[in-house]
Amino acid sequence: MPKVTYIHHSGAEHVVEVPDGWTLMQGATLNGIDGIVGECGGACGCATCHVYVDEAWAERLAPARDDENEMLDCTASERRPNSRLGCQIKLSGELDGLVARMPETQT
Ligand code: FES
């Protein structure tokens with residue numbers, strides 16, 4: 001299972017093992033980690049799963065599809081070059097060690 005480090009805006013770190021096939025959003029919400037809401041349940045329709053993927057990992061992810069890219073223009077916190085929607089990142093062994101930072105707010 002890939003291990004993911006979620007870093008809250010406050011600086012608090014949570015390291016969790018997330019089952020293969022789960023999304024980055026699910027890894028947070030189903031483990032009770034604050035800072036990612038996932039209001040639409042992963043349908044790419046709310047942008048409340050916005051994360052800043054650590055620079056070293058950002059370029060290893062598949063590029064955002066058009067629908068994700070459009071939703072990233074609707075985030076509550078500023079969009080940055082490494083902004084992604086957590087519900088669109090499916091975890092696998094290749095992403096073991098991924099680091100994601102939560103923005104200040106999701107709403
Ligand atoms: S959970 Fe709604 S866009 Fe990701």
Side-chain angles (χ1 to χ4, degrees):
M1 287 197 285
K3 201 175 279 187
V4 178
T5 301
Y6 295 90
I7 304 177
H8 193 266
H9 186 71
S10 67
E13 285 190 25
H14 304 273
V15 181
V16 294
E17 289 189 343
V18 181
D20 280 347
W22 284 27
T23 66
L24 190 65
M25 178 275 283
Q26 290 173 315
T29 57
L30 298 174
N31 280 299
I33 296 171
D34 286 338
I36 294 180
V37 179
E39 200 168 274
C40 76
C44 200
C46 70
T48 64
C49 60
H50 178 206
V51 294
Y52 301 121
V53 176
D54 191 82
E55 304 287 353
W57 287 96
E59 57 199 41
R60 295 171 65 172
L61 300 176
R65 294 184 326 207
D66 288 350
D67 53 351
E68 179 183 357
N69 196 33
E70 285 172 20
M71 283 310 300
L72 283 167
D73 286 336
C74 305
T75 55
S77 294
E78 72 166 318
R79 180 178 183 173
R80 299 178 186 163
N82 59 337
S83 286
R84 294 299 300 260
L85 295 182
C87 71
Q88 300 303 302
I89 299 173
K90 194 168 274 194
L91 296 166
S92 66
E94 290 173 11
L95 296 179
D96 182 39
L98 183 74
V99 178
R101 291 179 168 75
M102 273 84 101
E104 185 170 8
T105 183
Q106 296 284 8
T107 56

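Here, residue 1 is the first one in the sequence, and each next residue gets the next number. Predicted, not measured: the structure shown is a model, and the values here were computed from it.
For the ring-ring contact (aromatic ring centres under 6.0 Å, His included) condition, no pair includes a residue of residues 58-90, sequence neighbours left out. Residue pairs meeting the side-chain hydrogen bond (donor to acceptor under 3.5 Å, both in side chains) criterion with at least one partner in residues 89-100, sequence neighbours excluded, are absent. Applying the salt bridge (Lys or Arg N to Asp or Glu O under 4.0 Å) test to every pair with at least one member in residues 11-21, sequence neighbours left out, gives no pairs at all. Residue pairs meeting the side-chain hydrogen bond (donor to acceptor under 3.5 Å, both in side chains) criterion with at least one partner in residues 51-63, sequence neighbours excluded, are D54-R101. Residues in residues 69-107 take part in no ring-ring contact (aromatic ring centres under 6.0 Å, His included) pair, two or more places apart or across chains.
Residues that satisfy the side chain to side chain contact (heavy atoms under 4.5 Å, CB included) test with I33, not counting sequence neighbours, are Y6, H14, V16, A28, N31, M102. Taking the side chain to side chain donor-acceptor pair (under 3.5 Å) definition, one finds that E68 meets it with R84, sequence neighbours left out. Residues passing the side chain to side chain contact (heavy atoms under 4.5 Å, CB included) test with D34, sequence neighbours excluded: H8. Partners of S83 under the side chain to side chain donor-acceptor pair (under 3.5 Å) rule, at least two apart in sequence or in another chain, are H50. Shown here are the side chain to side chain contact (heavy atoms under 4.5 Å, CB included) partners of N69, two or more places apart in sequence or in another chain: R79. The side chain to side chain contact (heavy atoms under 4.5 Å, CB included) search around E104 returns H9, S77, not counting sequence neighbours. Partners of D66 under the salt bridge (charged side-chain N to carboxylate O under 4.0 Å, His left out) rule, at least two apart in sequence or in another chain, do not exist in this structure.
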Notebook entry, point to check: How far apart are the C-alpha atoms of L61 and L95, what are their side-chain angles, what is the distance that settles it, and do they pass the side chain to side chain contact (heavy atoms under 4.5 Å, CB included) test?
Noted result: CA-CA 9 Å; L61 300 176; L95 296 179; 3.7 Å; yes
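Atom OG1 of residue T75 and atom CG of residue L85 lie 8.5 Å apart, to the nearest 0.5 angstrom.
Closest of all the heavy-atom pairs between C40 and A43 is SG-N, 3.2 Å.
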